[in-house]
Amino acid sequence: MTTNKSVLGWIDEMKQLVSPDKMVWIDGTKEQIEALRAEACSTGEMIKLNQEKLPDCYLHRTAVNDVARVEDRTFICSRREEDAGPTNHWKDPQEAYKMLYDIARGSYKGRTMYVIPYSMGPVGSKLSKIGVELTDSIYVVLNMCIMTRVGQKVWDTLGDSDEWVRGLHCKCQIDAEKRYICHFPEDNTIISVNSGYGGNVLLGKKCFALRIASFLGKNQGWMAEHMLILGIENPKGEIKYVAAAFPSACGKTNLAMLIPPEGYRKKGYKVWTVGDDIAWMRQGKDGRLYAINPENGFFGVAPGTNAHSNPNALASTKSGTIFTNVAHNLDDNTVWWEGLDKNPPKNAVDWTGEPWDGTTSDKKGAHPNSRFTAPAKNCPCVSPEFDKGEGVPISAIIFGGRRAQTTPLVYQSRDWNNGVFVGSIMASETTAAATGAVGVVRRDPMAMLPFCGYNMGDYFHHWIEMGEKLGGNAPKIFNVNWFRLDDQGHFIWPGFGDNLRVLEWIIKRCEDKVDANETAIGYVPKAEDINLEGLDFSVDTLKGILDVSKDQWTKEAEGIEEFYKKFGDKLPKELKEQLEILKSNLK
Ligand code: OXD
Ligand code: MN
């Protein structure tokens, strides 16, 4: 345990507030985890799955009103409203504490307080940070033990320091009307009440590793980003790393674990997964940008994950995994979700707990945002660098969204500031990862709209400043769009493993090995420079999705101008200039 006074003082204060019947210090040992699993199964909170087919795997169902992140109930409680900025919901911290303490007061009565010490990033790494989460949910404890590094080593590393993030989670009654996910960046504190859904309650993830960490990063000169990290190894054994930002449920996990197309595999190409959701990046001694994945597992979207789309993710879920809100196949006590295979179970229970016949029902068996929480070490292509903590040097930063039109398959920004502009204008059609309408185009700068813990105008400034600091060592910045549709509404680009063809072009550009066409928005590949070998895809079709339409981009520029107005004086002049350049290029 710990003798750290700031930790003990805060736990004591929270204990007085929530009045637990008992307290358990989580040490992350096998014995403790086993005992907690057994307890959760005895109360019905979790279901033990077929231990031969899925060893150490469990199923959990959330309340039906609690299945996704709740952006409209997520608040940044900075002292000044302006510091939360126009894209966040804000609450005055004094009022927020009062409201949350009123909700939390006495809410652990008859329950246990679990104290989870966790490290985001390998324990002890200079790039890592420590948090403590208090929760009354075994499900949260067991998920945190997969998603983060938990245990005594964390207390030992923390020592007497008071540099750690406080996180209080209270399930309360899962009352959607009193659900709040609040962040106090100036106090390193997170309070989440009335939810049991991962993105709202695994406080190390979105709340700490993105919202609080982005604020820390701005003040300390580093970056916390909603990015996967992957390494591409060429046949000579050289590995280049890229970090890529996509909005939620746009295929980050698939890209992070991509299987090279056969031709590439034969030549000796390999892909290594460092992270699938979050990157913390800092300038290294050699001046380059280094990234770690602060997480220790994958909280992936289940539907659509299958042996074709992501065999590595599927393999990662075969042991030690918690499934949330998927269908339960009663015949063999396993799990199923839409898109897993073409054999939905007949004798099953759907994600709401109702009997379900997948062969006849027109209802879904799994919720569209159902998840697996799987240990990273299970992943067949996990990077040997994963646990090292020094970080991997990033050659390219890639932005991407889900756009049926307008945005070409890939383009490169002209320079860093133009790349920041490209990130700032990212737009995507919404998905089921958050509550609200699905399929509506929304601007989601750097895929950080729901996750930036401070004023997004200041966040853009921070990006510009990082570029100045990195100078000639800065990664090159690109944008991709795997999601262009044809007239019948079908995806044109095959995606998945074939995305390596685009990554190869990106790496070649970083190495100055390939030319490009300059367009109004940046550099677009010459169609013949994307390797289509082994793919039934014509160069003409490729030209179609590399096209930059002046009409569409003129409309886009109007949309950007409108969006930029939100930021008022906070919009960096560098981005205003970039917009002017785009407009003049389109004339
Ligand atoms: C996630 C998300 O869970 O972005 O990663 O919603
Ligand atoms: Mn995410």
Side-chain angles (χ1 to χ4, degrees), residues 60 62 66-74 87 120 139-140 143-144 146-148 181 183 190 192 195-214 223-230 243-257 273-280 291 293-305 310 313 316-317 321-326 337 366-374 376 379 398-402 423 426 428-438 442 444-453:
H60 170 80
T62 63
D66 189 28
V67 292
R69 287 183 291 97
V70 279
E71 292 177 9
D72 55 332
R73 308 197 71 92
T74 297
T87 57
M120 297 312 290
Y139 170 76
V140 168
N143 273 273
M144 285 294 284
I146 298 172
M147 293 305 296
T148 72
I181 322 298
H183 307 72
I190 306 156
S192 164
S195 176
Y197 167 75
N200 299 327
V201 298
L202 308 181
L203 300 185
K205 192 173 178 61
K206 303 302 187 179
C207 300
F208 177 172
L210 288 176
R211 298 193 189 98
I212 297 286
S214 60
M223 306 166 93
E225 299 296 334
H226 192 198
M227 291 181 181
L228 65 90
I229 309 162
L230 71 83
F246 295 81
S248 306
C250 282
K252 278 207 300 297
T253 306
N254 292 346
L255 186 62
M257 298 179 190
T273 308
V274 182
D276 79 326
D277 195 41
I278 299 175
W280 284 0
N293 170 12
E295 302 192 282
N296 201 25
F298 308 119
F299 183 61
V301 178
T305 304
N310 197 337
S316 307
T317 66
T321 293
I322 300 173
F323 298 94
T324 303
N325 292 340
V326 298
W337 51 78
H367 186 274
N369 191 36
S370 53
R371 299 279 177 149
F372 53 80
T373 315
C379 181
I398 303 172
F399 296 117
R402 190 181 275 273
M426 256 174 76
S428 195
E429 285 134 29
T430 50
T431 66
T435 52
V438 169
R442 79 166 178 183
D444 187 351
M446 285 79 172
M448 282 289 280
L449 186 74
F451 305 121
C452 182

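One-based numbering, in listed order, for ligands and for the atoms of each.
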*When you measure from the side chain of Ser192 to the backbone N and O of Asn200, does any donor-acceptor pair fall under 3.5 Å?*
yes
*Enumerate the atoms of ligand 1 whose separation from the nearest heavy atom of Lys206 is less than 4.0 angstrom.*
1 (C), 2 (C), 3 (O), 4 (O), 5 (O)
*Numbering as shown, the atoms of ligand 1 that approach Phe451 to under 4.0 Å (heavy-atom distance)*: 4 (O)
*Which atoms of ligand 1 are found less than 4.0 Å from any heavy atom of Arg371?*
1 (C), 3 (O), 6 (O)
*Out of curiosity, Trp280 CH2 to Leu210 CG, how far, rounded to the nearest 0.5 Å?*
9.0 Å
*asked:* Consider side-chain contact (heavy atoms from CB on, under 4.5 Å). Of Val67, Thr62, Val301, which one does Asn369 pass it with?
replied: Val301
*asked:* Tell me whether Lys205 has any N or O atom under 3.5 angstrom from an N or O of ligand 1.
replied: no
*Take Thr74 and Arg211 through the side chain to side chain donor-acceptor pair (under 3.5 Å) test and state the conclusion after the steps.*
CA-CA 11 Å; Thr74 297; Arg211 298 193 189 98; 4.7 Å; no
*What protein N, O or S atoms come within a distance below 2.8 Å of the Mn ion (ligand 2), ordered by chain and number?*
Lys206 NZ, His226 NE2, Asp277 OD1
_Suppose I only count heavy atoms of Ser248 and a 4.0 Å limit; which atoms of ligand 1 are within that range?_
2 (C), 4 (O), 6 (O)
*Between Asp277 and Lys205, which heavy-atom pair has the shortest distance, and what is it?*
OD2-NZ, 2.8 Å
_Point-to-point distance, once rounded to the nearest 0.5 Å, from CG of Leu449 to CZ of Arg442_ = 5.0 Å
*Run through Thr317, Thr324, Asn143 and flag the one making a side-chain hydrogen bond (donor to acceptor under 3.5 Å, both in side chains) with Thr373.*
Asn143
_Closest approach of Leu230 to Leu228 (non-hydrogen atoms, all atoms of both residues)_ = CD2-CD1, 3.8 Å
*Element-labelled atoms of ligand 1 that are located less than 4.0 Å from some non-hydrogen atom of His226*: 4 (O)
_Within ligand 1, which atoms have a heavy atom of Arg69 less than 4.0 Å away?_
2 (C), 4 (O), 6 (O)
_Looking at Asp276 and Ala256, would you say the former's side chain and the latter's main chain have a donor-acceptor pair under 3.5 Å?_
no
*Non-hydrogen atoms of Lys252 versus ligand 1: any pair closer than 4.0 Å?*
no
*Can you list the ligand 1 atoms lying under 4.0 Å from a non-hydrogen atom of Asp277?*
5 (O)
_Side chains of Ser195 and Arg73: any donor to acceptor distance under 3.5 Å?_
no
